[in-house]
Protein chains: 2
Amino acid sequence: MTRTRLYEQVAEQITAWIQQNGLEAGDRLPPERELASRLGVSRATLSQALVALEVVGAVVVRHGDGTVLTGKHSESRIVEAIRAHSDRLPEIIDIRDALETKIAALAAQRRTKDDLVAIDAALDAMEESIEHGDRGVDADEQFHAAVTAAAHSDLLAQTMREIASLIRESRIESLSQPGRPRNSLNGHRAITDAIRAQDPEAAAAAMHAHVEMVSDVALLRDQGRDQAQDR
Amino acid sequence: MTRTRLYEQVAEQITAWIQQNGLEAGDRLPPERELASRLGVSRATLSQALVALEVVGAVVVRHGDGTVLTGKHSESRIVEAIRAHSDRLPEIIDIRDALETKIAALAAQRRTKDDLVAIDAALDAMEESIEHGDRGVDADEQFHAAVTAAAHSDLLAQTMREIASLIRESRIESLSQPGRPRNSLNGHRAITDAIRAQDPEAAAAAMHAHVEMVSDVALLRDQGRDQAQDR
DNA sequence: CTGGCCTATTGGCTAGGCCACTGATCCATC
DNA sequence: GATGGATCAGTGGCCTAGCCAATAGGCCAG
C-alpha cells in the first residue's frame, strides 16, 4: 500500500488555496521560494507538486516569470473536444437526450425510497426558488443529479459528470427565458411521477419531452446559422 | 513561449525506452539513482519526470520497492471509475444502449452517401471475417465506428471513444459465444437498412434490439451474483 | 518449520546553491 | 522626444549532497 505522497498533499493544498481565494485564470501563484516556505516543504517537493498540476493542465509554469493559472483545472477530453466548436448546443442536446432518457428509465426501475426523497427535495427546492423569482438553476441541477443517482449506474453518472460543465451552460441559457423555469418544473414533476410509479417507459418519455423543450431554446438561438443538420 | 522542460524530455525518454525494450505492466524501472545517472540528470529531475508519469497513470512509484509500470498509459476517468467494480458489464450495456440507440437515430437522419459506403464496407468486412471462421471483433468495432461517424456528433463520438476500451472487452466476450457473430451480423443488417431508409425510429429500435442481444450474454455470465438490479 | 530481527536497497524529502530567463527600468544615442 | 540597448531584481530550472523511511529478503533463534 503506497501512502499519499507529500507532493500530492501540496498539490491539493494549492488547489484548495486557489479556490478559497477565488483565483482565476491568469492569476499568479506566489513565487516558489515563498510558497514552499509557507507550505512548510522544500522547493523540490513544491516543484513536484507544480509538475503534477502542470500535467493535469491546471497551471503553466513560466521560467523567469512565474506560475500562472489556466482556469481549465482539469477538464475532460470530451469537454475539450467540444469547446472548440461554436455550434455545440445541438450536440449537448443530443447527448443529454441519449443519456438522461436512459437514466430516467433506469431510475424508474431502480429507485429506492431514499432516491425519491432526494428527488422530491430537489423539486421542492426548485419550486421555492421560482417563488422567489429566481431562475432555479441550482435546483434544476440538483434535480437532475438526484435522478442520475437514482439510476444507480456509476458509468452513466460519471459520464454525466464529465459533461456537466457543458450542460450547465446550456441550462443557464434555457432557464433565462421568460416562463421557462415554471415549464421546466412541470417537466420535472412528470418525470418524478413516472419514477415514483416505477414506469420506465413513461419516465423515458417524460425526460425526452423535457430535454426537447430545452432544445427549442437552443434552436431558436441557433436559427441564423443552422446548417444541414435538420432536426 | 515556454521551452520544453527537462523533466518532459526525461519522461519521454523513459516511455520510449519502455517501448523499445517491450516492457509491460508489472515490469520494474531501474532504481532512481541508476536511471538518473544513466540519463544524465539529477535525481530531483528524474523524480519530477516520474511524478509526471505517475499523474498520467503510466507508472506507480512504491516507496522502498521501486517504480513499476501499469501499462494503463492514460485511461479516461470514466473508464477508471468503472474498472474498480467487478460487475461492470451491466453498466456497459446500459450506457451502450443509451448512446448507441441515439447515435443510430441520428445516423438515420444525418447520414451522407459516404457514410453509407463506410457502413456497408464494415458490413462486408464482418461477413467475410465470419466466413473465414473468425469472430469478427475488429469488423464489429468498425461497423459501430462507422455508424457513430454517420451521426455527425463530435460529443457523442468522443464519449464513445472514452468508453471504447470497456466496450471492446464486452464485445470480445459476446462474440466468443457460438453462433453469436452471425446473430450480430443480422442485427447490423437491420440497423443499416433503417439508416439507409433514413428512418430514425427503426434505426433506434434495431440498435436497441442489437444491444439487448449482447446483454443476454452478459446476464448469462453474471447470473450467479445478480443482485437487486432487475432488468 | 516458524516467527521475528537485520540489513541492503530503494524511494521520499530537505537544504543550499548556481545558472538562465523575463520584464521593467534607466540611460545613452539619434 | 523617441528609440534602442544595458542593467538588475525577481523568478523558475536544475544540480549536488545527504539523511530519513519503507520494503523485501535473508538470517537466526526457537
Any residue meeting side-chain hydrogen bond (donor to acceptor under 3.5 Å, both in side chains) with [X], in chain and number order, not counting sequence neighbours:
X       : result
B:Arg28 : B:Asp65
A:Asp27 : none
A:Glu32 : A:Arg43

Set of residues satisfying side-chain contact (heavy atoms from CB on, under 4.5 Å) with respect to [X], sequence neighbours excluded:
X        : result
A:Pro30  : A:Trp17, A:Glu34, A:Leu35, A:Arg38
A:Ser42  : A:Ala44, A:Thr45
A:Ala146 : A:Ala118, A:Ile119
A:Ser129 : A:Asp134

Per-nucleotide protein contact along nucleotides 8-16 of chain D, 5' to 3', at a 4.0 Å heavy-atom cut-off (B base, S sugar-phosphate only, - neither), is --BBBBBSB
Are more than 12 heavy atoms, taken from residues, nucleotides or ligands other than B:Gln9, located less than 6.0 Å from that residue's CD atom?
yes
Under the ring-ring contact (aromatic ring centres under 6.0 Å, His included) rule, collect the residues that match up with A:Phe143, sequence neighbours excluded.
A:His188
For nucleotides 4-7 of chain D, which of its nitrogen or oxygen atoms have a protein nitrogen or oxygen under 3.5 Å away, and what is each distance?
none

What salt bridge (Lys or Arg N to Asp or Glu O under 4.0 Å) pairs are there with at least one residue in residues 9-23 of chain A, not counting sequence neighbours?
none
How sharply is the helix from C:dC1-D:dG30 to C:dC30-D:dG1 bent, taking the axes over five pairs at either end and rounding to 10 degrees?
10°
